[in-house]
Amino acid sequence: MTSSYPPAPDWSGAVTALRQAESVLLIAHVLPDADALGSSLALGMALRSLGKDVTVSVGDPGFTVPDSLNFLPGLDLVVPPEDVVIPDLVVVCDTSSPERLGVLAESVSAAPISVAIDHHPTFNGFGTIHVIDPESPATAALVLKLIDMLDVPLNREIASAIYAGLATDTGSFKFQSTTSETLRTAARLFDAGIPHSELARKLFDDEPFAALKVLGIALSRAVLVQGAVAGRGLVYTTVGCDDRGELPELAMERVIESIRRTHEAEVAAVFKQSDTGVWKGSLRSKTDINVGEIARSLGGGGHKFAAGYTGTTDVDQMVIDLIDALDRAAGA
Ligand code: 5GP
Ligand code: MN
C-alpha cells in the first residue's frame, strides 16, 4: 500500500479489548457471505472457549442463517438483530462501511469499544479499534491471526469456519490474492482435521434445483456489450424478484460466477433485485480494471476484482451509468 490509509492493523489493541471484554457481540455484514459469517463464528467460538458471553448477529431484520450457510459450525451463537443486547465489546467482521450493518449500525456506536476486522481497501474508518489489511485474502485470515494471539487452540470447528471464509474469498485459492502464506494457512486448517471436501462441495457445488433454473434464465438473457470498457467488453444480466419467486436474495449470489466466465468481457455485472424492489449491482473484473473504485463511485465498495453497490435508479439507468463509469475508468 502506498497510501497511509487504512492505518496498520492494531493487533495489540484488538487483543487487549478481546481479552478484557466479558460480553462480545460479533456482527457480519447484511446478506452475509461465508467470509463475513465464517469469520464471526470462528472468533465467536474462540471467545466462547475463553468463557465469554458471545453472540453473533446480522443486521437484516429477523435474520436467520441462510440455507446456503447452514452447515457452518457455531451457529448456536447466532441471534436475530431484534434480540441483541449491547455488550462490553462489538466486533464487526468483513464490513467496509456502517450502512452494511443494516439495523445493527447503531449497536456499534452504542458499545463502548468496537473492533472492525476487514480486508476491503474501501474500508471507511468506523469503529474504535481497526484491524484492516487490504492485502489479506480474507477477513477469516485476519481472524485466525487474532485467535492465535489469544492462544486459543485451533480445533476442527474453528478451522472449518475459517476455511469457509478463506476458500470463498480466494475463489477456491485461484484469485490473485492467494499467496504461499494463504496455502500454508490452508494446510494448517487441513491439519486441524477439517472435512475440506465436504465443505468445498457445500460452499461451491450445492444449490437448490430452483436456483439452477433461475441461473438458466439469467444466462439466457445475458448481454455482451463488446464496445464497453474501451472495447474490452462488459457482460451483464439481471435477476428480478419475479425471476426468483420464493428463492431468497442470497440464492442469486452465484449467478456472477457463471457470467464472469465470458471470454469476450473484461468486466461482468449482475443486477439483482432485492425483496424491497431495490436493485443491487455485483461487479467482477479480470485483469486491471478496479471495480472496487467503480463501485465506490456508485455508492458501494469492495475489492479490485470483486465489488458491489446498491442502485438508486431503475435497472436500465444503472446499466447506462455503469457503462459510463467503466469507460471513464478504462480511459475511453
Ligand atoms: P458481491 O458481488 O459478492 O455481493 O460482493 C463483492 C464484494 O463487494 C464483497 O467484498 C462485498 O463486501 C462488496 N460489496 C457488495 N455490495 C456492496 C455494497 O453495497 N457496499 C459496499 N461497501 N460493498 C459491497
Ligand atoms: Mn471478505
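Because the structure is predicted, anything quoted here is derived from the model rather than measured.
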Using atom types as modelled, flag every donor-acceptor pair under 3.5 Å from a side chain in residues 322-332 to any protein atom, sequence neighbours excluded.
residue : atom : partner : partner atom : Å
D327    : OD1  : V229    : N            : 3.0
D327    : OD1  : A230    : N            : 3.2

Exercise. Heavy atoms, side chains only, cut-off 4.5 Å: are L146 and W11 in contact?
Worked result: yes
Exercise. Should the heavy atoms of other residues, nucleotides or ligands under 6.0 Å from CD of Q226 be counted, would the total exceed 12?
Worked result: yes
Exercise. With sequence neighbours left out, which residue pairs that include part of residues 160-173 fulfil the side-chain hydrogen bond (donor to acceptor under 3.5 Å, both in side chains) condition?
Worked result: H119-D169
Which atom pairs, donor and acceptor, lie under 3.5 Å between side-chain atoms of residues 14-24 and protein residues at least two apart or in another chain?
residue : atom : partner : partner atom : Å
T16     : OG1  : S12     : O            : 2.8
R19     : NH2  : M149    : O            : 3.2
S23     : OG   : D88     : N            : 2.9
S23     : OG   : D88     : OD1          : 3.4

For this session: Determine which pairs satisfy side-chain hydrogen bond (donor to acceptor under 3.5 Å, both in side chains) with at least one residue from residues 293-302, sequence neighbours left out, and list them in order.
Result: E293-R296
For this session: Specify the closest pair of heavy atoms between A161 and M45, including all atoms of both residues, with the distance to one decimal.
Result: CB-CE, 4.0 Å
For this session: Quick one: which residue pairs count as a side-chain hydrogen bond (donor to acceptor under 3.5 Å, both in side chains) with a foot in residues 63-83, not counting sequence neighbours?
Result: R48-D76
Problem set entry | Side-chain H-bond candidate by donor/acceptor type, E266 with S285, under 3.5 Å | no
For this session: Please list all pairs passing the side-chain hydrogen bond (donor to acceptor under 3.5 Å, both in side chains) test where one or both residues lie in residues 182-205, with sequence neighbours left out.
Result: D148-R188, T179-T182, S180-R184, E198-K202
Seminar exercise, completed: dist L104:CG -> D60:CG (nearest 0.5 Å) comes out at 9.0 Å
Exercise. Looking at T122, D118, N124, which hits side chain to side chain donor-acceptor pair (under 3.5 Å) with H120?
Worked result: D118
Exercise. What distance do F271 atom CZ and D314 atom CG have between them, rounded to the nearest 0.5 Å?
Worked result: 11.0 Å
For this session: Would you check if I27 and L101 make a side-chain contact, meaning some heavy-atom pair closer than 4.5 Å?
Result: yes
Exercise. Within a strict 4.5 Å, meaning less than it, do heavy atoms of the F63 and V78 side chains meet?
Worked result: yes
For this session: Return yes when atom CG of D242 has more than 12 non-hydrogen atoms of other residues, nucleotides or ligands closer than 6.0 Å, and no otherwise.
Result: no
For this session: Before accepting this row, confirm whether a basic side-chain N of the pair R221/D243 lies closer than 4.0 Å to the acidic partner's carboxylate O.
Result: yes
Exercise. To the nearest 0.5 Å, what is the distance between CG (L47) and NZ (K52)?
Worked result: 6.5 Å
Exercise. Under a 4.5 Å cut-off applied to non-hydrogen side-chain atoms, are V239 and Q273 in contact?
Worked result: no
Exercise. Looking just at side-chain N and O atoms, do K280 and S274 make a donor-acceptor pair shorter than 3.5 Å?
Worked result: no
Problem set entry | E249 and K272, any side-chain heavy atoms less than 4.5 Å apart | no
Exercise. Do side-chain atoms of T262 reach the backbone of I259 as a donor and acceptor pair under 3.5 angstrom?
Worked result: yes
For this session: Heavy atoms only: give me the nearest P32-V58 pair and the separation to one decimal.
Result: CD-CG1, 3.8 Å
Exercise. Should we count CD of E181 as having more than 12 external heavy atoms under 6.0 Å?
Worked result: no
